[in-house]
Trainee: 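Input: one structure, supplied below.
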Amino acid sequence: MRLKTKLFGTLYSFKDVNDVLAKANEEKSGDQLAGLAASSLTEMIAAKEVLSNLTLADLRNHPAVPYEQDEVTRIIQDQVNEKIYAGIKNWTLAEFREWLLSDQADCRSIGRVSRGLTSEMIAGVTKLMSNLDLVYAANKIEVLAHCNTTIGHKGTLGFRLQPNHTTDDPDGIRISTFEGLSYGVGDAVIGLNPVNDSVDSVATVLRMFQEIKETYEIPTQICVLAHVTTQMDAVRQGAPADLIFQSIAGSEKGNKAFGLDGALMAEARDLVLREGTSTGPNVLYFETGQGSELSSDAHHGVDQVTMEARCYGFAKKFQPFLVNTVVGFIGPEYLYDAKQVTRAGLEDHFMGKLTGLPMGVDACYTNHMKTDQNDIENLAMLLSTAGCTYFMGIPQGDDIMLNYQCTGYHDASSLRQLLGLHPVREFEQWLEKMGFMENGRLGQLAGDASTFIR
Amino acid sequence: MISEQQIKSIIDEVIKTLSPGAEGVGGGSHMAPAETMTATTAASQNNQPPEEESFLEDLAAVDLRKELLVPGANNPEMYLKLKETTPARLGIWHCGPRPLTRSLLRFRADHAVAQDAVFTDVSDEFLASIGVETIQSCCRDKDEFLTRPDLGRKLPEDQGKKLQAICPENATVQIYIADGLSSTAVETNAMDTYRALVQGLKGMGIEPNPLFFLRYGRVPSMDVISELITPKITVLLIGERPGLATGESMSCYMAYESSTAQPESNRTVISNIHKGGTPAVEAGAHIAGVVKKMLEQKASGLNLKL
């Protein structure tokens, strides 16, 4: 394993694999904050050169956090298919990149190789790829998951309906939900981020969503994104839930900060399978985002792309229905501007897909970042081209509760029409029946939430 | 086409018609460009100098909860009634799949005011008008301030010395202002809050240490500052991260014997200080009451009983 190279006559040496991985990253304010970033662009490229010559085995044998020390590492390493791994372990990262982009690598063969990978390998190859590489390779990968409906088919683009409200007011949530549905949003899930994390409040919203879903016979799934333990208590008390949600991290320490571990997630999955309202078998929903480990001092000196890849390795174990990165939510200390958010969104989507997840993206930003709605529209167009599974749908992209902005109700039909994409099949049929969609375009009644009001 | 000279004269006209006492969020500098746009647009339509009444409405003043843009809605009365329950941007209709121009521009305006609050520095004019000394954290500029929260809580050595020259040690109360994530919040609210607070303290017989302004300051700067000048109580007025449509919200952080060794839970916070939340003057009076309790109980944060 060689950790040194010359570039333009200057010798660059890196102290270990983590150092190579960190310095090979495209510029991110979070890596700079953590003191892990390359000190110059030339050093970054030197790190990429060293990385491109490491083998998959080098990355397998040097997990970002030691096996003995970290549950996430153990989960990632233990789910590797050893036979598949043995067939690819001598590939260099350069060869792995070229194989992924070659015509031999199709959805089926990538899906097979995926089972022999660890998250560090996935992060590693990501750092060698250009933005177009990330879009091109991700677009090959189709990952299906089934809860009540099937998400992830090629040619579809889903949207989560996110009817958040500043006080969880039922009428306010209801009218936002109706309007979102009328714009063709909500095939991925109807999911609320609650203000109030109490069992009663979560159960009340779940019952309202269930009533809407049943009254109008909407082929979708429902979820309230409280803490996992709150949702579990609500389900145990009889509340209807199709999915259980949780934010996850790429290290055991990071997960501990979120109040979870692998055993709890397995228990949550088991609970929905037994007492949930959905068909399954995919009944969990995870959110991630570059930088969350650093913000809870749980990054172990590892860069944010590698930690993000490890979230997906952890997620895979629990066969989720939905996984999305909340790519610009964490703020400028981690992703400073539009360029960094765009890159991170493309990286996260690709890494999730290569891990074998039905990967969506919350393309978003906060008001103290150097980005605006135009940048997020750009990212959504890029990711739609990459075959992104789903985005968020919020009234005009303005989340009044979480105080950030992302993709809006109007972006659903805009992106679908632009690229010839469709909602989830059963949901599209429902939209047509309701008059919200017609021949792939918005229907006569689209945009009128009062269609639902007698 | 109208010449640049004509445009200039139109702009001058418009500015003259603005009453000098008009309440301007964030001062006249924010108002002028918007009004300029209005004037040129109006002029290009009429090709005549605009009359006073030809101003377009202030887009940002429209109450979105009361506006329904859906033509021929199935049930407009109930639509509006439900819309009243949420500030979400609903009932805004569409052109093809895209939002109408009115909604698009309103969104952009609401984001613009938030971004201006973050990315504009507290002005020298404002600082001159309140006549206080400025010290600067370890951040060199706004970009560094936004990306390096660790530097925004520290002072370089020369600034520490400057602070010690301004503020005597061992005062009962030290108040200071930091820009934080909203310069607009500070310019709009800090002095009203400060004056009310000082008046409240005077009623208790307390004369606070001289006020100063910390540029590029984060909340934990109060620990470092307190260690240098050791007041009993440190009060920080700081701009909050703006939401869409509002950049004016300010927070007040207070701590008893603040130091870097103390946990964050040692801080007492009053947030949402702005005209739509707790008005600045009211907040100042309230803070004075909290300071009194801190002195009585010799505690702050979780240990303080309010």
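Because only heavy atoms are used, hydrogens play no part in the values below, and waters and symmetry mates are left out as well, while side chains stay in. So that the names make sense, note that chain A is the first sequence line, chain B the second, and so on, each numbered from 1. Treat the numbers as computed from the prediction; the structure is a model and nothing was measured.
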Trainee: Any idea which heavy atoms bring B:Phe107 and A:Gln405 closest together, and the distance?
Mentor: CZ-CG, 3.7 Å

Trainee: Is there side-chain contact between A:Leu33 and B:Thr147, with heavy atoms separated by less than 4.5 Å?
Mentor: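 A side-chain contact is absent here, since even the closest heavy-atom pair is not under 4.5 Å.
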
Trainee: Applying salt bridge (Lys or Arg N to Asp or Glu O under 4.0 Å), can you list everything that pairs with B:Glu240, at least two apart in sequence or on another chain?
Mentor: none

Trainee: Counting N and O atoms only, with roles assigned by atom type, does the side chain of A:Ser450 sit under 3.5 Å from a partner on the main chain of B:Asn74, one being a donor and the other an acceptor?
Mentor: yes

Trainee: Does the side chain of A:Ile453 reach to within under 4.5 Å of the side chain of B:Leu82, using non-hydrogen atoms?
Mentor: yes

Trainee: Do the side chains of A:Asn374 and B:Arg108 get nearer than 4.5 Å, heavy atoms only?
Mentor: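 Of all side-chain heavy-atom pairs linking A:Asn374 with B:Arg108, at least one is under 4.5 Å.
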
Trainee: Is atom NZ of B:Lys81 surrounded by more than 12 heavy atoms (other residues, nucleotides or ligands) closer than 6.0 Å?
Mentor: no

Trainee: Quick check against the 3.5 Å criterion: does B:Arg241 have a side-chain atom that pairs as donor or acceptor with the backbone of A:Thr366?
Mentor: no

Trainee: Which residue out of B:Gly247, B:Ser182, B:Pro76, B:Gly91 racks up the most heavy-atom pairs below 4.5 Å with chain A?
Mentor: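 Maximum pair count with chain A is reached by B:Gly91.
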
Trainee: Taking every non-hydrogen pair under 4.5 Å, which of A:Gln396, A:Gln32, A:Gln373 racks up the most with chain B?
Mentor: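 It is A:Gln396.
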
Trainee: Can you list everything that forms a ring-ring contact (aromatic ring centres under 6.0 Å, His included) with B:His111? Sequence neighbours excluded, please.
Mentor: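 B:His111 satisfies ring-ring contact (aromatic ring centres under 6.0 Å, His included) with A:Tyr365 only.
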
Trainee: Could you check which of B:Gly243, B:Ala114, B:Pro87, B:Pro71 has the highest count of heavy-atom pairs closer than 4.5 Å to chain A?
Mentor: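 It is B:Pro87.
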
Trainee: Using a cut-off of under 4.5 Å for heavy-atom pairs, which of B:Leu181, B:Leu69, B:Leu68 has the most such pairs with chain A?
Mentor: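 Heavy-atom pairs under 4.5 Å are most numerous for B:Leu181.
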
Trainee: Might you confirm whether atom CG of B:Leu306 has over 12 heavy atoms from other residues, nucleotides or ligands at distances under 6.0 Å?
Mentor: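 Counting neighbours around CG of B:Leu306, more than 12 heavy atoms of other residues, nucleotides or ligands fall under 6.0 Å, so yes.
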
Trainee: Could you tell me which portion of A:Tyr409 (side chain, backbone, both or neither) has an atom closer than 4.5 angstrom to a non-hydrogen atom of chain B?
Mentor: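 Only the side chain of A:Tyr409 comes within 4.5 Å of chain B.
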
Trainee: If you look at every heavy atom in A:Pro395 and B:Leu90, which pair is closest and at what distance?
Mentor: CG-CD2, 3.7 Å

Trainee: Looking at B:Glu144, I'd like to know if its CD atom is crowded, meaning that more than 12 non-hydrogen atoms belonging to other residues, nucleotides or ligands lie closer than 6.0 Å.
Mentor: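 Yes, because the 6.0 Å sphere around CD of B:Glu144 holds more than 12 heavy atoms from other groups.
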
Trainee: Check the surroundings of atom NZ in B:Lys142: do more than 12 heavy atoms from other residues, nucleotides or ligands lie under 6.0 Å from it?
Mentor: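 Yes, NZ of B:Lys142 has more than 12 neighbouring heavy atoms, counting only those of other groups under 6.0 Å.
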
Trainee: Would you call A:Lys370 and B:Asp143 a salt bridge, taking side-chain N to carboxylate O under 4.0 Å as the test?
Mentor: yes

Trainee: Quick check against the 3.5 Å criterion: does A:Asn367 have a side-chain atom that pairs as donor or acceptor with the backbone of B:Pro242?
Mentor: yes

Trainee: Return the option, out of A:Ile175, A:Ile173, A:Thr167, with the maximum number of heavy-atom pairs under 4.5 Å with chain B.
Mentor: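 Counting heavy-atom pairs under 4.5 Å, the top option is A:Ile175.
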
Trainee: Measuring heavy-atom distances to chain B, does A:His368 have an atom under 4.5 Å in its side chain, in its backbone, in both, or in neither?
Mentor: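 A:His368 touches chain B through backbone and side-chain heavy atoms alike.
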
Trainee: Heavy-atom pairs under 4.5 Å with chain B are the metric here; pick the option from A:Asp171, A:Asn164, A:Asn403, A:Asp399 that has the most.
Mentor: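 Maximum pair count with chain B is reached by A:Asp171.
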
Trainee: Out of A:Arg441, A:Arg174, A:His165, return the one with the most heavy atom pairs under 4.5 angstrom to chain B.
Mentor: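 Option with the top pair count is A:His165.
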
Trainee: Measure A:Tyr183 against the heavy atoms of chain B and call it side chain, backbone, both or neither at under 4.5 Å.
Mentor: side chain

Trainee: Counting only heavy atoms not in B:Glu264, do more than 12 fall under 6.0 Å of its CD?
Mentor: no

Trainee: Would you check if the side chain of A:Asp448 reaches a backbone N or O of B:Val70 as a donor-acceptor pair within less than 3.5 Å?
Mentor: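 No, the answer is negative, given that no donor and acceptor are paired below the 3.5 Å cut-off.
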
Trainee: Between the side chain of B:Gln115 and the main-chain N/O of A:Met369, is any donor-acceptor distance below 3.5 Å?
Mentor: yes

Trainee: Rounded to the nearest 0.5 Å, what separates atom OG in A:Ser413 from atom CZ in B:Arg98?
Mentor: 8.0 Å

Trainee: Determine the option with the most heavy-atom pairs under 4.5 angstrom with chain A, choosing from B:Leu146, B:Asp110, B:Leu151.
Mentor: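 Most pairs with chain A among the choices: B:Leu146.
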
Trainee: Shortest non-hydrogen contact from A:His410 to B:Ile92?
Mentor: CE1-CD1, 3.5 Å

Trainee: How far does CZ of B:Arg89 sit from OG of A:Ser176, to the nearest 0.5 angstrom?
Mentor: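 Atom-to-atom, B:Arg89:CZ and A:Ser176:OG are 12.5 Å apart.
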
Trainee: Can you tell which of A:Asp169, A:Thr166, A:Ile400 makes a side-chain contact (heavy atoms from CB on, under 4.5 Å) with B:Thr86?
Mentor: A:Ile400

